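Below is a structure I'd like to ask you about.
It should be emphasised that the depicted structure is a prediction, and the values quoted were computed from it without experimental measurement. The basis for the numbers below is simple: all heavy atoms, side chains too, and nothing from hydrogens, waters or symmetry mates.
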Amino acid sequence: MKPTDTSDPDYFHQVVDCQWACPAHTPVPAYIRLIAQGRFSDAYLLNRDSNVFPGILGRVCDRPCEPACRRTRVDGEPVAICRLKRVAADHRDDITDRLPAKPEQTNGKRIALIGAGPASFTVANDLAPLGYECTIFEKLPEAGGLMRANIPAFRLPEKVLNEELQYILDMGVELKLNSPVSSMKALLDDGWDAVFVGTGAPKGKDLHLPGREEADANIHIGIDWLESVAFDHIDSIGKNVLIIGVGNTAMDCCRTSLRLGAESVKVMARKPRNFFKASEWELEDAEEENIEIVVNHSPKAFVTENGKLVGMTFELMEYDVDEKGEITGQRVTGEETLPCDDVILAIGQENAFPWIEKDAGIEFGKWDVPVVDEETFESSRKGVFFGGDSAFGPKNIIWAVEHGHQAAISIHRHCQGLGLRDRAPREVELQSAKMGMFEWRYSNAYTDAERREMEHVALVDRFQRLNIEVELGFTAEQIAVEVQRCLNCDVQTVFETALCEECDACIDVCPVECLSITPDADSEADLRASLSQPDAPDGQSLYVSNPLPLTGRVMIKDENVCLHCGLCAERCPTSAWDMKEGVIKIPHADDQVETVA
């Protein structure tokens with residue numbers, strides 16, 4: 001096989017599964033090591049370099065990093081990465097004097113940002129310290145976008161949200177609240193050097209079934225209803241509530257309903273649980289509060305009496321599922337009507353741009369979403385960029401952050417008259433971390449401790465007010481155990497072929513048998529068949545060395561099962577194996593400065 005190209009920065013990056021899976025590529029193992037050393041402020045700031053909202057996302061991130069965590073392949077339970085991110089945020093000192101500051105002089109370039117959500121704030125975070133005059137326009141009376149309007153305060157306290165937004169505003173960003181933009185053409189006529197649209201996907205989907213219009217007063221669109229609760233326009237709901245849909249918005253709706261006085265709340269799902277869109281932990285939190293989740297019920301009609309909603313009729317469904325877990329057939333087996341006082345629809349969101357004129361020069365695609373370049377985030381009109389849910393439809397906050405970083409690069413290059421695609425490349429810097437001299441840098445001991453579970457406020461207490469945060473954060477004992485569960489995947493095993501004497505010492509000492517010296521083969525499948533653990537779980541390609549100097553065989557490393565313990569490097573008499581910390585450098589707008597003419 002062709003030897004692995006370790007000069008490609010993505011090779012070492014992909015080995016750090018959590019960082020690779022994170023849309024913003026937060027350096028997870030590095031900030032966990034700082035937490036282990038009690039350097040909470042340093043951990044917070046390191047995280048913030050890529051994820052500008054560590055305190056917020058330490059509570060409400062969708063956690064794409066955790067399913068990818070190497071621990072899931074070792075013992076099934078990932079490191080509680082999201083919880084540890086919150087630890088750094090909760091225990092940090094005052095870091096305001098360590099954040100980027102507004103320069104004494106601006107560069108005269110004016111950037112308009114539409115919508116005060118995570119994408120726009122990330123763009124402002126990246127551009128304001130470079131001297132850009134950033135102005136955020138927000139239609140609501142407070143900033144935060146979906147983070148404030150759609151995520152209940154019992155999951156995301158207002159104090160945490162305000163602190164991290166204020167960090168960015170303090171960089172000299174102007175925020176105009178209660179300032180909806182009603183015309184893109186009028187905005188463009190104001191002479192902004194660039195415009196960024198980060199308005200999210202603000203339109204909740206409706207359900208047009210029989211009885212919909214007659215029952216209108218008691219049928220609510222989920223995201224609109226949550227926004228009304230957040231801004232104190234709604235403070236009560238009926239005793240019996242049905243939530244239609246089973247995504248994360250549905251979970252926020254059902255738990256909020258309980259806090260507004262509902263006595264019975266049912267979440268109605270059309271399909272079985274393994275087809276739910278909600279995160280598993282969101283489902284568990286809802287069920288802990290005695291929310292009933294009813295599966296295989298497809299909405300059929302709203303039932304009214306004397307012009308008022310009294311119930312909802314569902315078709316009872318059965319499904320045929322194949323070996324891959326995909327539905328191959330479905331049938332209706334009956335019908336059931338459930339009584340209710342209110343129904344909340346949480347069946348999806350979509351973009352809405354009534355304020356962008358058809359002749360504004362911005363092209364829209366099949367689903368009325370803007371045509372946006374996936375690399376530059378520029379629309380079909382030069383100088384107008386989109387990001388977050390407004391660009392490609394609903395995703396999550398950490399994706400909005402990454403979109404903001406990438407759009408900021410493009411806006412910076414656009415304003416400097418540079419090509420948008422000639423962006424600074426990713427790089428990897430390898431720093432020696434071998435045990436012995438560098439043992440202090442990380443703990444390589446493997447612990448089989450189970451993942452720590454977050455404690456919650458007692459059920460009897462959590463419904464007293466809407467803003468009582470349910471999750472209590474990790475205790476000192478939980479922090480100490482959880483940080484040790486991290487396998488330090490960014491401390492890489494680096495092999496130097498020319499130094500190998502084929503003594504097998506590394507193979508003998510490896511605790512998980514991830515190393516092999518074997519004759520080369522034509523395919524990875526053939527090589528895997530010769531490994532000590534041929535049935536190791538998939539996830540990453542094998543590392544294949546150049547031909548070894550003595551026999552021409554190759555060194556194989558199965559990264560899927562490696563613990564990064566460093567014993568191979570310690571045992572190797574010729575230092576053919578070394579342990580090096582791989583610092584993955586992900587360029588942002590400030591890294592483009594050197595390329596400016």
(request) Output all residues satisfying ring-ring contact (aromatic ring centres under 6.0 Å, His included) with W355, sequence neighbours left out; order by chain, then residue number. (result) none
(message) Whether the T313 and E336 side chains hold a donor-acceptor pair (N or O, under 3.5 Å, no angle test) is what I'd like checked.
(response)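 Absent: no donor and acceptor within the cut-off.
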(request) With sequence neighbours excluded, tell me which residues meet ring-ring contact (aromatic ring centres under 6.0 Å, His included) with F377. (result)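 In terms of ring-ring contact (aromatic ring centres under 6.0 Å, His included), with neighbours along the sequence ignored, F377 is linked to F392, H403.
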(request) Check the surroundings of atom CD in Q166: do more than 12 heavy atoms from other residues, nucleotides or ligands lie under 6.0 Å from it? (result)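 More than 12 heavy atoms, drawn from other residues, nucleotides or ligands, come within 6.0 Å of this atom.
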(request) Give a yes or no on whether E305 atom CD has more than 12 heavy-atom contacts from other residues, nucleotides or ligands under 6.0 Å away. (result) no
(request) Indicate whether any N or O donor in one side chain lies under 3.5 Å from an N or O acceptor in the other, for E214 and T304. (result) yes
(request) Would you confirm whether R270, through its side chain, and N296, through its main-chain N or O, come within 3.5 Å as a donor-acceptor pair? (result)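 Such a contact is absent between R270 side chain and N296 backbone.
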(request) Return yes if some donor-acceptor pair links the side-chain N/O of T122 with the main-chain N/O of P118 below 3.5 Å, else return no. (result)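 Yes.
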(request) Count the heavy atoms of every other residue, nucleotide or ligand shown that sit under 6.0 Å from NZ of K176, and state whether that count exceeds 12. (result)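 Open.
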(request) May I ask you to decide if C253's main-chain N or O and T256's side chain share a donor-acceptor pair within less than 3.5 Å? (result) no
(message) Checking F364 now: which residues fulfil ring-ring contact (aromatic ring centres under 6.0 Å, His included) with it, not counting sequence neighbours?
(response)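 ring-ring contact (aromatic ring centres under 6.0 Å, His included) list for F364, sorted by chain: F353.
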(request) Please check if atom CG in N306 has more than 12 non-hydrogen atoms from other residues, nucleotides or ligands closer than 6.0 Å. (result) no
(message) Check the orientation of Y44 and Y167. Use parallel for under 30°, tilted for 30 to 60°, and perpendicular for over 60°.
(response) perpendicular
(message) Keeping N351 on the side-chain end and D389 on the backbone end, is there a donor-acceptor pair under 3.5 Å?
(response) yes
(message) Using the ring-ring contact (aromatic ring centres under 6.0 Å, His included) criterion, which residues pair with F314? Sequence neighbours excluded.
(response)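 If we apply the ring-ring contact (aromatic ring centres under 6.0 Å, His included) test to F314, skipping adjacent residues, the hits are H297.
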(request) Indicate yes or no for a side-chain donor-acceptor contact from E66 to the backbone of I81 under 3.5 Å, with no hydrogens or angles considered. (result) yes
(message) Looking at F154, I'd like to know if the NZ or CZ of R259 sits under 6.0 Å from its six-membered ring centre while staying within 45 degrees of the ring's axis.
(response)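 Yes, R259 lies over the aromatic ring of F154.
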Please list every donor-acceptor pair under 3.5 Å in which a side-chain atom of residues 223-230 meets a protein atom from a residue at least two apart or in another chain.
{"unit_1": "S228", "atom_1": "OG", "unit_2": "D224", "atom_2": "O", "d": "3.1"}

(message) Quick check against the 3.5 Å criterion: does N248 have a side-chain atom that pairs as donor or acceptor with the backbone of S279?
(response) yes
(request) Might you confirm whether atom CG of D235 has over 12 heavy atoms from other residues, nucleotides or ligands at distances under 6.0 Å? (result) no
(message) Using modelled atom types and a 3.5 Å cut-off, is there a donor and acceptor pairing between side-chain atoms of D94 and backbone atoms of T96?
(response)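 Between the backbone of T96 and the side chain of D94 there is a qualifying donor-acceptor contact (under 3.5 Å).
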(request) With sequence neighbours left out, write down each residue that passes side-chain contact (heavy atoms from CB on, under 4.5 Å) with N162, or none if nothing qualifies. (result) R148, E158
(request) Hey, could you give me the CG/CD distance between D341 and E263, rounded to the nearest 0.5 Å? (result) 9.5 Å
